[in-house]
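Notes to accompany the following structure.
For ligands, and for the atoms within them, numbers begin at 1 and follow the listed sequence.
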Amino acid sequence: MAINTSNSISLPLSGKVAFVTGGSRGIGAAIVRRLARDGSAVAFTYSASRTGAEALAADIEAAGGRALALQVDSSDAAALTAAIDQAATTFGRLDVLVNNAGVALMGELDTFTLEDFDRTLAVNVRAVFVGVQEAARHMGEGGRIVTIGSTNSERMPWAGGAVYAMSKAAIVGLTRGLARDLGPRGITINNVQPGPTATDMNPADGPMAASMHGLMALERHARPEEIAGMVAYLAGPEAGMVTGSSLLIDGGFAA
Ligand code: NDP
C-alpha cells in the first residue's frame with residue numbers, strides 16, 4: 001500500500017514524533033503506517049520480525065517519511081526505556097506513545113502455567129506502565145498516549161481466556177489512574193479496545209472466526225486500518241479533551 005508522508009503543514013501530525021510498540025505486523029503495523037501518513041516520524045519496536053520491521057521502515061522512508069525500527073522485547077524494561085530514549089534523541093522530541101505490543105496466551109485452567117501468567121502481565125501490563133513512565137519524561141503539553149486493550153476486558157465469552165482478559169481489564173484501571181497523573185502536564189492517555197481484528201493473532205478465517213462473528217452486531221473481523229483510524233484520532237489535535245477513556249471498536253462484540 002502506498003504511503004503518502006508528505007511534510008505538508010496541513011497533515012494532523014506534521015512535525016510530531018511517535019513511538020509504537022509491536023509495529024512489525026498486524027494492528028501495530030497499520031498504526032505505524034497511519035501515523036506516518038498523518039505526518040509523524042515513527043519509531044517502532046518488534047520482538048522477532050526483523051525482516052518485516054525493516055521493510056516497513058524502508059517503505060515509509062521511500063515515501064519521504066522518517067521511521068526507525070528497534071528490536072525490543074517489551075518485557076525487558078531497561079531495553080524498552082532505552083529504545084524510547086533513543087527515539088526521542090534520534091528524532092529530537094516525543095509526542096505520541098502507542099502501547100500496542102501484546103500477547104494472547106490462552107489455556108485451560110488446569111494446565112495454564114505461571115510462566116504464561118507472568119509473560120502476559122509483563123508484556124500486556126507492566127510494559128505499558130514502563131513505557132508511559134519513560135515516554136512522559138520526554139513529552140510536553142499536547143502529548144498523547146494510546147494503549148491497545150481489548151473488548152475482552154468487558155466480555156470474555158469462552159473458557160481459556162481469563163488471564164488475557166485480566167490483563168486487558170488492568171489497562172482500563174491503569175488508563176483511568178494515569179489520566180490523573182498526566183492531566184496536569186497536558187498529556188492525554190486512552191485505551192482503544194478492539195474486537196476481533198484480522199491479524200496473525202486472530203485470522204479472519206481462523207477456527208474461532210465464525211463463533212466470534214456470531215457474537216457481534218457487525219458479523220466480521222475489523223481491518224487493522226480501522227483500529228489505526230481510532231488511534232490516529234486520539235493521537236491528533238482534535239482529541240485534546242479525551243482522556244482516561246476506554247473506547248470499544250468491536251463491531252458490537254460487547255454490546
Ligand atoms: P499480532 O500477534 O498480529 O502482532 C503482534 C505485534 O506485537 C508484532 O509486531 C510483534 O512483534 C509484537 N510483539 C509481540 N510480543 C512482543 C514483545 N514481547 N515485545 C515487543 N513486541 C512484541 O497481534 P495483533 O496485531 O493482533 O495485536 C496487537 C494488539 O492488539 C495486542 O495488544 C492485542 O492484544 C490487541 N488486540 C488484538 C485483537 C485481534 O483480534 N487481533 C483484538 C483485541 C486486541 P514480532 O512481529 O517481532 O513478533
Side-chain angles (χ1 to χ4, degrees), residues 19-34 42-57 69-84 98-106 116 118-128 130-131 146-158 161 163-172 174-175 191-209 211-213 215-216 220-228 230-231 246-251 253-254:
F19 187 96
V20 180
T21 65
S24 48
R25 294 183 286 123
I27 293 171
I31 293 168
V32 169
R33 286 180 185 276
R34 176 60 193 263
V42 187
F44 63 95
T45 66
Y46 63 95
S47 58
S49 304
R50 179 184 299 276
T51 306
E54 290 182 349
L56 176 54
L70 299 165
Q71 184 169 26
V72 178
D73 187 322
S74 282
S75 66
D76 182 340
L80 179 56
T81 298
I84 290 169
V98 181
N99 301 298
N100 165 77
V103 291
L105 303 174
M106 306 283 168
D116 281 356
D118 290 344
R119 178 86 183 150
T120 301
L121 283 182
V123 177
N124 293 10
V125 182
R126 184 171 178 264
V128 174
V130 170
V146 180
T147 303
I148 307 302
S150 170
T151 189
N152 290 137
S153 73
E154 299 200 8
R155 187 181 198 203
M156 175 45 85
W158 304 284
V163 174
Y164 180 73
M166 174 191 66
S167 75
K168 296 303 188 179
I171 295 302
V172 175
L174 191 61
T175 302
N191 174 26
V192 166
Q193 302 190 111
T197 305
T199 68
D200 295 338
M201 182 186 280
N202 187 356
D205 58 357
M208 295 290 288
S211 68
M212 288 180 187
H213 299 166
L215 295 168
M216 299 166 73
R220 66 172 177 88
H221 275 46
R223 291 178 289 107
E225 293 75 18
E226 292 177 297
I227 312 305
M230 183 179 272
V231 173
S246 289
L247 304 162
L248 289 167
I249 172 165
D250 70 346
F253 186 94

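- When the side-chain contact (heavy atoms from CB on, under 4.5 Å) test is applied to A209, the partners found at least two apart in sequence or on another chain are H213, H221.
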Output, or 'none' if empty, a list of ligand 1-protein atom pairs in which both atoms are N or O and the distance is under 3.5 Å, rounded to 0.1 Å.
{"residue": "ligand 1", "atom": "9 (O)", "partner": "G22", "partner atom": "O", "Å": "3.2"}
{"residue": "ligand 1", "atom": "9 (O)", "partner": "S24", "partner atom": "N", "Å": "3.3"}
{"residue": "ligand 1", "atom": "9 (O)", "partner": "S24", "partner atom": "OG", "Å": "2.7"}
{"residue": "ligand 1", "atom": "9 (O)", "partner": "R25", "partner atom": "N", "Å": "3.4"}
{"residue": "ligand 1", "atom": "11 (O)", "partner": "S24", "partner atom": "OG", "Å": "3.2"}
{"residue": "ligand 1", "atom": "18 (N)", "partner": "D73", "partner atom": "OD1", "Å": "3.0"}
{"residue": "ligand 1", "atom": "18 (N)", "partner": "R119", "partner atom": "NH2", "Å": "3.3"}
{"residue": "ligand 1", "atom": "19 (N)", "partner": "V72", "partner atom": "O", "Å": "3.4"}
{"residue": "ligand 1", "atom": "19 (N)", "partner": "S74", "partner atom": "N", "Å": "2.8"}
{"residue": "ligand 1", "atom": "25 (O)", "partner": "I27", "partner atom": "N", "Å": "2.9"}
{"residue": "ligand 1", "atom": "26 (O)", "partner": "T199", "partner atom": "OG1", "Å": "2.5"}
{"residue": "ligand 1", "atom": "32 (O)", "partner": "N100", "partner atom": "O", "Å": "2.8"}
{"residue": "ligand 1", "atom": "32 (O)", "partner": "K168", "partner atom": "NZ", "Å": "3.0"}
{"residue": "ligand 1", "atom": "34 (O)", "partner": "Y164", "partner atom": "OH", "Å": "2.7"}
{"residue": "ligand 1", "atom": "34 (O)", "partner": "K168", "partner atom": "NZ", "Å": "3.2"}
{"residue": "ligand 1", "atom": "40 (O)", "partner": "T197", "partner atom": "N", "Å": "2.9"}
{"residue": "ligand 1", "atom": "40 (O)", "partner": "T197", "partner atom": "O", "Å": "3.4"}
{"residue": "ligand 1", "atom": "40 (O)", "partner": "N202", "partner atom": "ND2", "Å": "3.0"}
{"residue": "ligand 1", "atom": "41 (N)", "partner": "T197", "partner atom": "O", "Å": "3.1"}
{"residue": "ligand 1", "atom": "41 (N)", "partner": "T199", "partner atom": "OG1", "Å": "3.2"}
{"residue": "ligand 1", "atom": "46 (O)", "partner": "S24", "partner atom": "OG", "Å": "2.7"}
{"residue": "ligand 1", "atom": "46 (O)", "partner": "R25", "partner atom": "NE", "Å": "2.7"}
{"residue": "ligand 1", "atom": "46 (O)", "partner": "R25", "partner atom": "NH2", "Å": "3.4"}
{"residue": "ligand 1", "atom": "46 (O)", "partner": "S49", "partner atom": "OG", "Å": "2.4"}
{"residue": "ligand 1", "atom": "47 (O)", "partner": "S47", "partner atom": "N", "Å": "2.8"}
{"residue": "ligand 1", "atom": "47 (O)", "partner": "S47", "partner atom": "OG", "Å": "3.3"}
{"residue": "ligand 1", "atom": "47 (O)", "partner": "A48", "partner atom": "N", "Å": "2.5"}
{"residue": "ligand 1", "atom": "47 (O)", "partner": "S49", "partner atom": "N", "Å": "2.7"}
{"residue": "ligand 1", "atom": "47 (O)", "partner": "S49", "partner atom": "OG", "Å": "3.4"}
{"residue": "ligand 1", "atom": "48 (O)", "partner": "R25", "partner atom": "NH2", "Å": "2.9"}
{"residue": "ligand 1", "atom": "48 (O)", "partner": "S47", "partner atom": "OG", "Å": "3.3"}

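- For the atom pair CG of N100 and CD1 of I227, the computed distance is 10.5 Å after rounding to the nearest 0.5 Å.
- With sequence neighbours left out, the salt bridge (charged side-chain N to carboxylate O under 4.0 Å, His left out) criterion links R25 to D200.
- In this structure a side-chain-to-backbone donor-acceptor pair under 3.5 Å is present from T45 to G22.
- Residues passing the side-chain hydrogen bond (donor to acceptor under 3.5 Å, both in side chains) test with S153 are Q193, sequence neighbours excluded.
- Residue R126 places its CZ atom among 12 or fewer non-hydrogen atoms of other residues, nucleotides or ligands, all under 6.0 Å distant.
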